[in-house]
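Have a look at the structure below, then the notes.
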4 protein chains.
Amino acid sequence: MLLHVNAGDELPIYRQIVRQVADSIAGGRIKPGDQLPSHRDLAAQLVIAPLTVKKAYDELEREGLIETQRGRGTFVRERPPATVAAESRERLREAARRLLTQAALCGVPFEDVVRVLEEAKEKTTERTDS
Amino acid sequence: MLLHVNAGDELPIYRQIVRQVADSIAGGRIKPGDQLPSHRDLAAQLVIAPLTVKKAYDELEREGLIETQRGRGTFVRERPPATVAAESRERLREAARRLLTQAALCGVPFEDVVRVLEEAKEKTTERTDS
Amino acid sequence: MLLHVNAGDELPIYRQIVRQVADSIAGGRIKPGDQLPSHRDLAAQLVIAPLTVKKAYDELEREGLIETQRGRGTFVRERPPATVAAESRERLREAARRLLTQAALCGVPFEDVVRVLEEAKEKTTERTDS
Amino acid sequence: MLLHVNAGDELPIYRQIVRQVADSIAGGRIKPGDQLPSHRDLAAQLVIAPLTVKKAYDELEREGLIETQRGRGTFVRERPPATVAAESRERLREAARRLLTQAALCGVPFEDVVRVLEEAKEKTTERTDS
DNA sequence: GTGGTCTAGACCACC
DNA sequence: GTGGTCTAGACCACG
């Protein structure tokens with residue numbers, strides 16, 4: 001799994017990690033059961049403090065995407081339990097709302113939003129295929 | 001111009017204002033030459049500290065989007081740089097990407113994403129009508 | 001709000017804080033809208049590191065019990081939103097399951113569990129009244 | 001003796017074993033003189049490392065609940081100290097307290113807590129019957 | 001080896 | 001003043 005992090009970014013480092021790992025799972029680049037690097041290793045690789053990576057892992061665990069086992073490591077979850085799935089759906093609706101809001105702010109009509117979405121999908125697919 | 005602000009949001013209040021004004025210009029809802037409310041009035045309307053609005057206006061002026069004329073008020077600049085619209089569009093694409101990631105995590109196929117989007121649109125329309 | 005913390009306890013310090021604050025809200029000793037002490041102040045009062053208190057506040061916010069506003073402080077939430085309420089109900093059911101499990105392990109029949117519950121309730125009420 | 005163990009649990013695996021054995025003694029499901037499975041067998045049954053079970057047995061022996069006889073096996077001690085049952089009961093009371101706190105946070109009145117408990121009981125019974 | 005917790009300090013941004 | 005983030009180190013417990 002390749003991650004890169006930018007200290008000067010608007011987004012805090014730990015959230016950049018959260019998002020990239022979530023994207024990696026969503027894109028199928030890492031699969032259920034896969035083990036993530038230890039937060040110490042990843043920290044060394046990214047040249048940041050271990051606690052920063054741990055904070056990211058903690059958030060991913062709270063979201064039900066990964067699972068940590070003391071003394072063994074952290075792994076991508078098999079399948080999120082029902083309550084987590086419900087929250088996840090709510091986040092989906094929230095993301096839909098935000099997209100619509102932003103479209104309205106840009107003066108982009110609904111039909112074009114779907115086109116923007118399709119374009120984004122193509123790029124994601126390319127990324128996954130490579 | 002209708003603005004709304006959320007104190008609990010991840011984005012600082014003053015940046016929420018910056019974005020909404022910038023998007024309003026990009027979307028054509030306010031046009032070059034239009035006058036913005038005084039930062040005191042806007043602060044009163046949003047029930048926040050005047051300094052916060054001032055900070056937002058300052059940033060908008062630094063970005064070249066608006067112009068303050070001492071004793072007269074603040075106005076939308078003529079020929080706002082093309083970058084404004086571009087940045088607004090980029091935020092739209094980013095929102096689309098996030099929606100797709102979240103959909104993948106939920107196991108929701110692309111066709112259904114469009115349906116979720118339509119449902120969200122209906123609710124928004126209802127809300128707007130009332 | 002009176003909190004006490006025990007470094008030698010089985011439960012991590014930050015979880016002790018989470019529980020005591022949650023109990024305080026549940027017991028009505030602090031009410032919606034009330035401001036909590038800043039995490040720095042509380043840390044000084046308890047003679048622990050500020051980050052430890054912050055971790056507790058973060059968890060309470062995630063659970064939807066409190067709300068933080070940058071630059072202003074942290075407050076007890078008015079009413080948890082729907083999704084949070086759902087999770088909260090699930091935690092309730094989980095707590096019920098644990099109680100039954102423990103009762104089975106102790107060899108305590110169901111009728112006596114209700115009595116244990118009533119005794120616990122009386123003590124809680126006393127605590128709240130004082 | 002039926003034990004089950006959860007790697008993802010907050011409580012370390014070896015302490016889960018300690019508790020379940022202690023509670024089994026307190027609940028009378030295993031009696032003084034009864035022989036426990038060897039730590040290797042139990043480890044195989046629970047699909048965990050033998051060392052983990054050994055650690056649990058060591059702690060149980062330190063607490064005076066069980067006794068290892070070299071070359072013969074490990075047995076429940078005669079006249080286990082009264083504290084065992086007391087601790088088990090204390091865990092029961094603690095579980096009751098948590099249930100009440102969670103109920104208060106959900107705004108669920110005491111009468112309904114009993115109903116939630118009954119519902120949980122039914123489900124457990126169904127599960128046990130199957 | 002792994003994760004879990006805690007410390008003491010720093011710097012920043014927000015209000 | 002407030003919260004938000006990050007660091008560099010420590011110690012412990014677990015498997």
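Here the structure is a predicted model, which is why all the values come from computation and not from measurement. The sequence lines fix the lettering, A, B, ..., with proteins before strands; numbering per chain opens at 1.
- For T52(A), the listed nucleotide lying nearest its side chain is dC6(F); candidates were dC14(F), dG4(F), dC6(F).
- For R40(A) and dG3(E), a side-chain-to-base donor-acceptor distance below 3.5 Å is present, hydrogens and geometry of angles not being considered.
- Ion pairing between a basic and an acidic side chain is recognised when a charged N comes within 4.0 Å of a carboxylate O; K55(C) and E59(C) show no such pairing.
- Distance CG (L42(C)) to C1' (dG1(F)): 17 Å, rounded to an integer number of Å.
- Atoms CD (E59(C)) and C1' (dG4(E)) sit 13 Å apart, rounded to a whole Å.
- Taking the charged nitrogens against the carboxylate oxygens, R93(D) and E87(D) have no contact shorter than 4.0 Å, which rules out a salt bridge.
- Salt bridge annotation for D58(D)-K54(D): present, with a cationic side-chain nitrogen under 4.0 angstrom from a carboxylate oxygen.
- D9(B) places its CG atom 13 Å from the P atom of dC14(E), with the value rounded to the nearest Å.
- K54(C) comes within 4.0 angstrom of a base, heavy atoms only.
- Note: CZ (R70(A)) to P (dG3(E)) measures 12 Å, nearest angstrom.
- As rounded to whole Å, 17 Å separates atom P of dG4(E) from atom CZ of R15(D).
- An OP1 or OP2 oxygen of dT2(E) is reached within less than 4.0 angstrom by a side-chain nitrogen or oxygen of S38(A).
- Residues P50(C) and I13(B) both approach DNA chain E. Their nearest nucleotides, taken by heavy-atom distance, put P50(C) toward the 5′ side.
- A straight line from CG of D58(B) to P of dC15(E) spans 14 Å, rounded to a whole angstrom.
- Summarising the base pairing, dG3(E) is matched to dC12(F) through a Watson-Crick or G-U wobble pair whose two defining distances lie under 3.5 Å.
- Taking 4.0 angstrom as the limit, K55(D) places none of its side-chain polar atoms (N or O) nearer than this to OP1 or OP2 of dG15(F).
- Of the candidates dT5(F), dA8(E), dC14(F), dA8(E) carries the atom nearest the A49(C) side chain, counting heavy atoms from C-beta on.
- Rounded to whole Å, atom P of dG4(E) lies 11 Å from atom CG of L51(A).
- Ranking dC14(E), dG3(E), dC6(E) by closeness to the H39(A) side chain, first place goes to dG3(E).
- For F75(C) and dC15(E), the CZ to P distance is 13 Å, given to the nearest whole Å.
- At the heavy-atom level, Y14(A) lies under 4.0 Å from the strands shown only through sugar-phosphate atoms.
- When each of D41(C) and L11(A) is assigned the nucleotide of DNA chain F bearing its nearest heavy atom, the one mapping closer to the 5' terminus is D41(C).
- Nucleotides of DNA chain E nearest to P12(C) and G71(A) differ in position, and the one nearer the 5' end is that of G71(A).
- Within the 4.5 Å cutoff, the side chain of R15(A) has heavy atoms near those of the E10(B) side chain.
- Salt bridge R91(B)/D23(B): present, at least one basic N to carboxylate O contact under 4.0 Å.
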